[in-house]
Every structure is written in C-alpha cells, then in structure tokens.
Amino acid sequence: MWQPTKLELERLDKAERLRAMGVELYPARAGRSYRIAEAVQAFLKEEEQTQADGSDAPAPIEVTVAGRIRRLNSRGKVSFAHIEDESGRVQLFLRVNALGEGTYQQVRRKLIDVDDFVQASGEMMRTRAGEVSVSARELRLISKALTPLPVVKEQRRDDGSVIEYGEFKDVESRYRQRYADLAVNRSVRDVFVKRARTIKALRDFLDNEGMLEVETPILQPLYGGAAARPFVTHHNQLHQDLYLRISFELYLKRLLVGGYDAVYEIGRDFRNEGVSYKHNTEFTMLEFYKAYIDYAGVMDITERMFAYTAEQVTGSARINYQGEMIDLSPPWKRLSIREAVQETLGFDYMDYPCSQSLYGYLEGRGLADGLDPSDTWGRMIVEHLLGSLIEPRLIQPTIIKDYPRDMSPFAKRIQAGAAIRDEKERRFIDSHTERFEFFIAGMEMGNAFTELNDPRDQQDRFVEMKRLYADEADETTPLDEDYLNAMRYGMPPNGGFGSGVDRMVMLLTDQVSIRDVLLYPHLRAPAPTESDLRGQFMLDAAVRQLEVQLDLPLAGAKRKLALYLPAADVGVEFRMSNALEGALPQLQNMRRAFSGRLYVMTEERIYRVDDALEETDFAEFWQSLSQLSIAGE
RNA sequence: GGGCGCGUGGCGCAAUGGCAGCGCAGUUGACUUUUAAUCAAUUGGUUGCAGGUUCGAGUCCUGCCGCGCUCACCA
C-alpha cells in the first residue's frame, strides 16, 4: 500500500487545500476545442494571413486546450506555464486580471502545480518575448498529480536544438516505470509512435500483396516451427499441459491446405531463453506464407517490404543506424552461404564434407575458437562460420541463401538446375536447402524458405532432426502428426517468411537495445524490501478496517517504530527474513522502549519480540488486533 | 550460468578510510511578458540489504538483491 514520500505529502496537502476551496480534483469531464499543436498552427496561419493582407492585427482565435503542466514559473502577478498534450506544447500566459484573484492564487501558490492536468481557455497571442501562448481567461484543474515526475528542464537553443538538464535516464527506473519515462522523455514517446507506424506499414504492405491476415493459437498442445525451448502452462479444466507458441509456421501453413493463397500473422512469440540486447522472452513476429512462389519470390517481397516500411516510417528507404547509412532499396546483395564463406574466409566448405574434416580445417586456420567439435556439420557452418564470423560484417542488407539441410527441417532441397557437373555439386545439392536469412546492421533480421510440402519428406525430416539433436530433445520440433495429416491432403508449393518485428523497429528508430523498442521489456521481479512488507501490512490492515498510524517516535530507541495499531500497545516492525537474526538485539532495545507488545513481521511469518522471537499465528495476530480495535471504539 | 562495472535525498551527480556535499526539484517570501527566469531564506539522507575489518566505513573484505555491459545459451 502507498506510503507517501515527503514530496507526495506536500502534494496531498495542496490537494486537500484545493478541495477545501471547493475545487474538484478529478472532474469527470474535460473539453478542448483544439489539440495544442493545432491551436498553435491556427494562430501562425492567421498571423501569416494578416501579414499578407497588411491588416493591423490577427483576428482573435479563441481556443480551449488541455494537457499536463510541464513548466510553471510565477513572476508575481503574472505567471507562465507550459502545458503539453500528445501533439505538442504551448505556453499559458496567466494574469491575475484575466483569471481573477481566486484562480490566480491557485497557480501562484502552486496548488495547481507542475505535472497536474489542466484545461485552459483564452485567446491565442504572442508574449513580448515572442512566444506563441494562450492568454488564459479560464483555467481549470482536471487531474491532480500526487507524485511529481522526474524533473527535466529544457533549454531551447536558437538553432532549434534542445538541451536537457537533469534527465531521467536511469535505465532500470525507466523500464520499470515506463509511464514516467514516456511522460518525461519525448524521444521515447516518439519511438513507440514509429513502432506503431512500422506495424501499420507492414500490414498495409501485406494486405496490398493480397495476403489475408489471420490469427492462430498462442496456447498450443504441441509447439514447433523453430528451434527454441517453449514455456509450458497448464489448463486446469482439461488437465492438459499447453505450450506458448515459439512460432506460427505450422498453423499458418495448414491454412494453405485449406485453400487460402497467402496468409500472414503479426503476433507474439515466446521463447524460454536468455535475454540480450536483441532478444526478449516475448517478441513480435511477422510470418507470411504465399502459394505458388519459391524463396526467390520471397526475396523480392522481402526487399520491397523493408523499403516500403522504411519509407512510411522514416520518409526514406535510406536510413541512418548508429551512424551508418543503410540503403534498404532493392535489390539487395544475394549470395549463398557457401559463396559468403568463400568470399569472406577464402575456402569452399564443400571440400570438408563432414564435421570432423571441417573442424580440423578450421582449427588449422585458427578459426575454431568457441566451436564445439561435436556439433553437426550444418550447425558449424550456420552458427559458427555465418553467425560468428560473417554476420557482424553484414551491415548493408544482405540475403544469405542455401542453408545446410540439417539446420532447416521445413525447407525444400536445392532444386538441381542444369545437369549436375560433378560429384561435389551433387553433394552440395543433396545437403542444402532453399532457405535464406537476411542481415542488416550486423543483425539477423529474418528467415525464409521454399517451404517443404512433401508429407513423406517432412516426416523423414522430423525423424532426422530427432536423431541429430537427440540430446537437446526440448529444442527440436516435436513430430506433429496433425500437421503431416494436413500436408497429406495436398499443400500448394509455397514460400514462407518470418522476421522479428522488434529488430526492424530497432533499425528504423536507431535503437541498439530491443528493450528500448518494447514498452514493457521483461525485467526480473525486484526483491521485496522492508518498505514493501510495510505496505503489505498496511493493505492487510485496511482490508480488516484497522486504522494504522505511522512512525511512533520511541524515546531511547535509535529508530522510530514504524507502525503501531490503535490499541496503542501493539507495535509492528518489519524485517526481511534473512536479516532477522542479526536484528534481534535492536528489536529488543525497541521493545524495552515501548510499553506494549512488539511484533516483527517478515515475508512469510510474524514473531512476537521477547527474550527470543516467538512465532505467532498470523490469523491469531490479526484477530487479537480486531478485538482490541472494537474494544477501543 | 561465468566475467567486468554500477547502486549515495524525488531526479542528475560529488566525497586521498576522518563532520555526507552540490545542482535541479521541494518549502517560505519578493517580482504584471518569463522561458534552464531571477533574488533571499530554508526542509529533506538506515549511502541497495546483511555481516565483518577498523578508534573510525559511502569508501576496505564476505555474502545477498537489483541493473547495465559482455561471454555462453539462443534465430
């Protein structure tokens, strides 16, 4: 339960004074005739008009605006405030003469304060210093803020740049209290506007491609479609474990069997893995599947989709990311993983056709650092050669295609074109699939295939994956009989695509951490503190209708006794259980200074403080208090 | 999970082992065109938590909690 800080107590006092004056702190209705930016715009337009006409003064523009006070300073009988709504800021020019003594004093004495929401009516004007303002004739509190936001002052330079003083930048506080972060940091607000635009642009693009947006289950009896560990949950009524999806793939492809030509979904995936600057436990995924195209067709769509989205969000397909100019316009560089290795590392891995020989070669060249010799051949190529050695260099958008088969259970084999020239070529075709990933700014941005639609081949792949990765059972895709069943009815040839939308937003908003493009990134629950215990106690007491008073000063005790109950002879102190033992002497000192019974409460127990700590039953404790309380009335 | 770093009033930060300080915010007062307003006075601290070393700990040691970076894991 809330325990006001000093600053909050001051605000509570102001709120109380306002209420005593008959001011409604949280009126049900507010009104405005303009968004702030539009009011300013209207005034500027009128000014321009006036100048063009050569008339004397702009016609008066009467506005009502509403927003949060972000700055307030009083110059005696006149005060200035900046209020802000989503569209922007405007200054309020507040004079005693215009507002009347009563309302003006509320501002002057800061009963109406920074962070409060107000509604103001008056004419637009310019102050002597030239700032466009609302000359307020009426000012009305529409929501009182009890907790002050972190103070950020801004100085606007002549060149339009803004210097911030006293920023709110502690990363943890910003993520945990995102509302305060957003309220104070405009640039953070802008990121999430761009995020929304990104998703809208993707939808528009895919809709225009003739794809159907669908929704598939998040809770699934079987997970699949990617190599990742799932979260497990349980349905009580059905007595069934369910998984949170790790991908949409298998459900979306079933829909092609059902007769749709192309489907897509934008939604949340959940993966039970570590977090990093580019991984969050839940993240937004885009997948689409389109019949009658292969992975080359998907490449074309991918390039156009990224360029279109960047244009919609940033105004150009050329974007700036961490100081690098990145050009998303098609066409992108396309090369096979084999070519990429040849180009970057100067050898053909097909000359080392098994994991032992490849490892031996890499070790000889000093490139085996961090490589596990027991990995499969395909994994060495994809995760080590590509992931570790090549990926960080891929700044401009690059499509890397034709992946080893043992890493790609849902992709079709490479289709042999002309006659196979030699044995090495034959081996390459046999062991690779029509899959591509694409990389931008050194980050993997997505993954796509010519989708496997041969049910018997698919079944073999499931089995093959199980065999290859037997010791990582929970990361391989379980065999999904129903999916195979669907495929046996006939699935059109198709190309599929998956991409992490959060990473795309990072790219378009120039953010290095995925947490800065998620409103509520996953954070560990903070450890409870003594003050949390206190709050919990207050809440428990409130539920039992007990009035609890705070901070009884104790003569002789170093600390104030935190709480006591109305019976006046029962005190409660709070300690984390791991700190209890060392605190005993201190508690006993407190008990000696206190005439009643003293209890100490931990996360899960309550003790009576005596020569030793005597554990007491919670229910009994509360009951004895209730009785005292009733007796006291 | 491993390594490195950080944790000091509401926010941003300081303090060779020696009186816990500064700016902003807050409070009181002055000021009818200010804008990081200004001027005068002033409140506010269990230095993340717990133990230890020491005459003395924000500072050194140990453990714990949280966050960041990084490695591992992982599309």
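Order of the sequence lines fixes the chain letters, A, B, ..., with proteins taken first and strands second; residue numbering starts at 1 for each chain.
Atoms CG (A:L94) and P (B:rU34) sit 15 Å apart, rounded to a whole Å. When rounded to the nearest whole Å, the span between CG of A:D181 and C1' of B:rG12 equals 15 Å. Atom P of nucleotide B:rA37 and atom CZ of A:R70 are separated by 12 Å, given to the nearest angstrom. A straight line from CG of A:L7 to C1' of B:rG9 spans 9 Å, rounded to a whole angstrom. Distance, A:F80 CZ to B:rA36 C1': 15 Å, rounded to whole Å. Straight-line distance from the CZ atom of A:R95 to the P atom of B:rC31: 17 Å, rounded to whole Å. Between the P atom of B:rG7 and the CZ atom of A:R176 lies a distance of 18 Å, rounded to the nearest Å. The separation between A:D13 atom CG and B:rG44 atom P is 17 Å, rounded to whole Å.
Residue A:R75 has no polar side-chain atom (N or O) positioned under 4.0 Å from OP1 or OP2 of B:rC39. The phosphate of B:rA37 has OP1 or OP2 within less than 4.0 Å of a side-chain N or O from A:K153. At B:rU35, none of the side-chain N or O atoms of A:R128 fall inside 4.0 Å of OP1 or OP2 (strictly under the cut-off). For A:R108 and B:rA30, the shortest distance from a side-chain N or O to OP1 or OP2 is below 4.0 Å. OP1 or OP2 of B:rC67 has not a single side-chain nitrogen or oxygen of A:R174 nearer than 4.0 Å. For A:R71 and B:rA37, the shortest distance from a side-chain N or O to OP1 or OP2 is below 4.0 Å.
Spacing between B:rA30 and B:rU47 at atom P, rounded to whole Å, works out to 38 Å. Rounded to the nearest Å, the gap between the P atom of B:rG44 and that of B:rG52 is 31 Å. B:rC67 and B:rU53 are spaced 32 Å apart, taking the P atom of each and rounding to whole Å. Going from the P atom of B:rU46 to that of B:rA20 covers 14 Å, rounded to whole Å. For the C1' atoms, the distance linking B:rU70 with B:rG12 amounts to 27 Å, nearest Å. Between the P atoms of B:rG18 and B:rC4, the separation comes to 26 Å (whole Å). B:rU62 sits 25 Å from B:rA15 when the C1' atoms are compared, rounded to a whole Å. As rounded to the nearest Å, B:rC64 and B:rC22 have C1' atoms that lie 32 Å from one another.
Judged by distance alone with a 3.5 Å cut-off, no donor-acceptor contact links the side chain of A:N73 to the base of B:rU38. The base of B:rU33 is not paired with the side chain of A:E131 by any donor and acceptor separated by under 3.5 Å.
When both distances must be under 3.5 Å, the Watson-Crick or G-U wobble mate of B:rC24 is B:rG10. Nucleotide B:rC4 has B:rG68 as its partner under the Watson-Crick or G-U criteria, with both atom distances under 3.5 Å. Base pairing annotation: B:rU34 forms no Watson-Crick or G-U wobble pair, as no partner gives both donor-acceptor distances under 3.5 Å. B:rC39: Watson-Crick or G-U partner is B:rG29, with both key distances under 3.5 Å.
A salt bridge is absent between A:R71 and A:E131; no separation between the charged side-chain nitrogens and carboxylate oxygens falls under 4.0 Å. The residues A:E84 and A:R89 are annotated as salt-bridged, a charged nitrogen and a carboxylate oxygen being separated by less than 4.0 angstrom. Salt-bridge annotation for A:R178 and A:D181: present, with a side-chain N of the basic residue lying under 4.0 Å from a carboxylate O of the acidic one.
You'll find the side chain of A:D375 stays beyond 4.5 Å of the side chain of A:H384, heavy atoms only. Contact of the A:V134 side chain with the A:M124 side chain is registered, since non-hydrogen atoms from C-beta on lie closer than 4.5 Å.
Remark on RNA chain B: of its neighbouring residues A:K6 and A:K77, the 5'-side contact belongs to A:K77, judged by nearest-heavy-atom nucleotide. Take the nearest nucleotide of RNA chain B for A:R109 and for A:H82: the residue whose nucleotide is more 5' is A:R109.
When only modelled atom types and interatomic distance are considered, A:N280 and A:Y520 share no side-chain donor-acceptor pair under 3.5 Å.
Within 4.0 Å of A:T147, counting heavy atoms only, lies no atom of the nucleic acid at all. Within the 4.0 angstrom heavy-atom criterion, no nucleotide atom of any strand lies near A:E8. Looking at heavy-atom distances under 4.0 Å, A:K278 makes no contact with the nucleic acid at all.
To the nearest 0.5 Å, atoms CG (A:L386) and OH (A:Y403) are separated by 4.5 Å.
The side chain of A:V151 sits closest to B:rA25 out of B:rA25, B:rU27, B:rC74.
A centroid separation of less than 6.0 Å is found between the aromatic rings of A:F438 and A:F497.
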